[in-house]
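In what follows, a single structure is set out as structure tokens and then discussed.
Numbers here are sequence positions counted from 1.
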Amino acid sequence: AIDNASLAAYGRTTSEWSRLHFAKLMDIVSSGVARVVGFDILFSEATAYDGAFITALQNARQSEARTRVIMPIAGLDMGEADVSQTLTYSAVITPQRAFLEVIDNLGFVNAYPDNDRTVRRYMSRALYPCIGEDCTEANQTGYSFAIATYLAYLRIPALAIPQVIRPDDGGLWITEERRIAVDDNGLWLPNFFSVPDETVFTVVSFVDVLEGRIDPALFADKAVMVGVMNSTGSADVYHVPTSQAGARMFGVEIHANAFESIFWNVSYREASAMTEIMLISVIALTSSLIYAHLRWWWMWVLGAVLGVLWAIIAILRFDTTGEMLSLFLMLLAVVLPIMGNMLLDIVTETIRRERTEAQLKAEQDLSALRLVMIEEKDQQNQTLAELSMLKTQMIRMASHDLKNPLGIIITYGSLIQEDVAYDPSVMKPDHARFIDSMVKSAHDMLTIIEEILNLEQLRSGNIKKDPLAINYVVSAVVAQNQMESVDKNHTITLTMAENLPLVLADYRQLFQAITNLVGNAVKYTPENGKIDVRVKMNGDMLRIEIQDNGYGISEEGQKNLFKEFYRVRSAKTAHIQGTGLGLSLVKAVIEAHNGKIWVESAEGVGSTFFVELPKFEGTLSDDA
Ligand code: ADP
């Protein structure tokens, strides 16, 4: 290495150096039995000591070591874009003719940076205009410095090179055992892994060699490259993709690495863009499929595992086929889907939240609406309640006010009936019938009015309850009806259990209710019917059953029976008159007494009405 120490000792640049230094180097290196010396230094100017250098070169060649020498040829103006293989004479610099005649071969020293100014491409082969007289194509073909040095290392004479080197599709056979991959422009991507100080090749300072600080035995059987390194004054440095921490490499270091690539047979080629795209897509797709089922931190764990896996695959592949896959892109393919997945998660979560918020808002709106509706309904209810009260008041008023005039009609009608109606001298028989009809209708009206008034009275809670014996009430009702049912020839029986308890009830109301039930049984049972009235205990309740074998009630009828003004419609009972108020009155009375009422009935078979009342639990006071 021509390093800072060497420059300090012999001059600022190598072009200022005396060629005696190089002559001395040749002596030392060949005495150490080096196989080949490659100078990465252009000796294109004539100097006073060229003779001594040439003698040293010849001595080395003829020594026991038969040390060969490679000198450089450099293309001028070979910018980034120009990778043409043919160089014009004016575009190359070669060593002086005097050196050309004693050295073994020439090698290209140009390494071509890609667009990003990083050296990935390294010239493997170039044609240049013939310099000597023998201008065969073989003489016009030059190889990269590393290849030329390697061939000299193998002691292959320049003239035999065309027989050893054999281009084939996408590659170049350097010997039968060594093949490198080259692209369409004859550019080769060597291996830059062998960095000095660390691995394969040894670096020593030029000045140390000359001052005898290095044992020449170090060079035994070696290829020795001489060039500028670690020099602050030198611009001969380039970015390479795979050096220590991506650092820049000196030209001679790049050549040394390229030599090692061939020597250890670790030349490589970049995978084609297509291969990489496909591989990366497969990795990205599989990893994202797997990630889709994992939580984010598992994704990272798996991502790391996959990354390591892919790195191992890439290294194995490089080792076996020399194909270089971009580790960076592969890692990206493993990591990007994780980020994509996380991003997707964030997006879906955001959308979900937005939706939930929207839903919440909709629900709030809805409940606000409901509130408004409830308020409206409350208002309606209030109006209804007011209306109902008005109705009740009107009914009461009408009933009261109608009762008196009706009473007058009935009283005077009855008087007329009694006094004159049956005396043909006073009244025609037809007129007497009219009077009868009028009095009966007035009675019916009075019944309706009384029933309405009764209902209203019950609803207003205006009842007076006393402890009373139910058997007394029931037998009074039955006795009354027995007389009235004579017309239809019914048989009415009454069965009562003994020691029945008292009930707390309004006598008049209860009498009315049971009268209605027994009356209905009489009314809705055709002639010669049988009506049974039973009073007994059922647990704690006092039960009254009124059974008939009359027309019976349809199921539809049973459901509505107890509603106001409801009347069951059937052909058989159509002729029977009624208001439909009776049973609703009964129900109101029973419920006002904390009792229950229900019916069991079948059409054509008969009906049984059940009434249950709680027994009186208190004690009788003196005045009861
Ligand atoms: P109505 O004044 O019509 O008798 P009710 O409220 O007393 O009014 O009775 C309602 C309807 O129930 C009656 O129209 C009648 O069809 C039916 N009903 C009541 N009691 C009986 C019964 N014991 N047998 C058959 N149908 C009955």
Leu172 and Ile165, any side-chain heavy atoms less than 4.5 Å apart: yes
With Asp378 via salt bridge (charged side-chain N to carboxylate O under 4.0 Å, His left out) - residues at least two apart: none
By side chain to side chain donor-acceptor pair (under 3.5 Å) - contacts of Tyr153 (at least two apart): none
Show every donor-acceptor pair shorter than 3.5 Å between a side-chain atom in residues 358-374 and any protein atom, with sequence neighbours excluded, or say none if there are none.
from: Lys361; atom 1: NZ; to: Asp365; atom 2: OD2; distance (Å): 3.4
from: Ser367; atom 1: OG; to: Glu363; atom 2: O; distance (Å): 2.9
from: Ser367; atom 1: OG; to: Gln364; atom 2: O; distance (Å): 3.0

Which atom of Ala52 lies closest to which atom of Leu20, heavy atoms considered: CB-CD2, 3.5 Å
Aromatic ring proximity Phe145/Phe259, centre distance under 6.0 Å: no
Whether Thr118 side chain and Val240 backbone form a donor-acceptor pair below 3.5 Å: no
Glu555 atom CD, neighbour heavy-atom count above 12 within 6.0 Å: no
Val182 side chain reached by Arg125 side chain, heavy atoms, under 4.5 Å: no
Closest heavy-atom pair and its distance - Met330, Ala314: CE-CB, 3.5 Å
Over all atoms of both residues, closest heavy-atom pair of Ser261 and Pro190: OG-C, 3.8 Å
Close side-chain approach of Arg166 to Arg179, heavy-atom, < 4.5 Å: no
Leu57 vs Met71 side-chain heavy atoms within contact, under 4.5 Å: yes
4.5 Å side-chain heavy-atom contact, Val37 and Thr67: yes
Side chain to side chain donor-acceptor pair (under 3.5 Å): pairs with one or both residues in residues 213-228, sequence neighbours excluded: Arg35-Asp221, Asp208-Arg213
Any side-chain heavy-atom pair of Val69 and Val36 under 4.5 Å: no
Considering all heavy atoms, the nearest Ile180-Ser124 contact: CD1-CB, 4.1 Å
Ile28 side, atom CD1; Glu211 side, atom CD - distance, nearest 0.5 Å: 9.0 Å
Derivation of the side chain to side chain contact (heavy atoms under 4.5 Å, CB included) call for Val109 and Ile73: CA-CA 6 Å; Val109 289; Ile73 178 169; over 6 Å; no
Ile2 vs Met229 side-chain heavy atoms within contact, under 4.5 Å: no
Side chain to side chain donor-acceptor pair (under 3.5 Å) against Thr286, all qualifying residues, sequence neighbours excluded: none
Which pairs would a plain distance check flag for residues 40-48, meaning a side-chain donor or acceptor within less than 3.5 Å of a matching protein atom at least two apart in sequence or in another chain?
from: Asp40; atom 1: OD2; to: Val252; atom 2: N; distance (Å): 3.3
from: Thr47; atom 1: OG1; to: Asp50; atom 2: OD1; distance (Å): 2.6

Derivation of the side chain to side chain contact (heavy atoms under 4.5 Å, CB included) call for Thr175 and Leu154: CA-CA 10 Å; Thr175 62; Leu154 295 183; 3.4 Å; yes
Under the side chain to side chain donor-acceptor pair (under 3.5 Å) test, residues paired with Arg353 that sit two or more places apart: Glu349
Point-to-point distance, once rounded to the nearest 0.5 Å, from CG of Leu151 to CD1 of Ile70: 8.0 Å
Asn560 side chain vs Lys563 backbone, donor-acceptor pair below 3.5 Å: no
Sidechain-backbone polar pair: Ser30 side chain, Val33 backbone, donor-acceptor under 3.5 Å: no
All pairs passing salt bridge (Lys or Arg N to Asp or Glu O under 4.0 Å) where residues 282-294 contributes a residue, at least two apart: none
Distance, nearest 0.5 Å, that separates CZ of Arg68 from CG of Asn105: 10.0 Å
For Lys596, all residues meeting side chain to side chain donor-acceptor pair (under 3.5 Å), sequence neighbours excluded: none
Closest contact, heavy atoms only, Ala333 versus Ser287: O-OG, 3.6 Å
Distance, nearest 0.5 Å, that separates CE of Met26 from OG of Ser31: 10.5 Å
Donor-acceptor contact below 3.5 Å, side chain Arg178 vs main chain Ile262: yes
Residue pairs passing the ring-ring contact (aromatic ring centres under 6.0 Å, His included) test where at least one lies in residues 162-190, sequence neighbours excluded: Tyr122-Trp188
Residue pair Asn110 / Gly75: nearest heavy atoms and the distance that separates them: OD1-N, 2.6 Å
Phe99 and Phe39: CA distance, side-chain angles, deciding distance, ring pair (Phe, Tyr, Trp, His ring centres under 6.0 Å) verdict: CA-CA 12 Å; Phe99 292 124; Phe39 283 101; 9.0 Å; no
Partner residues of Phe206 under the ring-ring contact (aromatic ring centres under 6.0 Å, His included) criterion, sequence neighbours left out: Trp17, Phe22
Spatial distance of atom CE (Met123) from atom OH (Tyr143) [nearest 0.5 Å]: 12.5 Å
Side chains of Arg352 and Thr348 in contact at under 4.5 Å (non-hydrogen atoms): no
From CA spacing to verdict: side chain to side chain contact (heavy atoms under 4.5 Å, CB included), Leu189, Asp183: CA-CA 9 Å; Leu189 193 71; Asp183 67 12; over 6 Å; no
Value rounded to 0.5 Å, distance of CG in Asn341 from CD1 in Ile290: 11.0 Å
Intermediate values then yes/no, side chain to side chain contact (heavy atoms under 4.5 Å, CB included), His21 and Tyr10: CA-CA 8 Å; His21 300 315; Tyr10 304 126; 3.3 Å; yes
Met342 atom CE, neighbour heavy-atom count above 12 within 6.0 Å: yes
More than 12 heavy atoms from other groups under 6.0 Å of CD on Glu16: yes
Side-chain polar contacts of residues 291-310 - donor-acceptor pairs under 3.5 angstrom, sequence neighbours left out - could you list them?
from: Tyr291; atom 1: OH; to: Val334; atom 2: O; distance (Å): 2.9

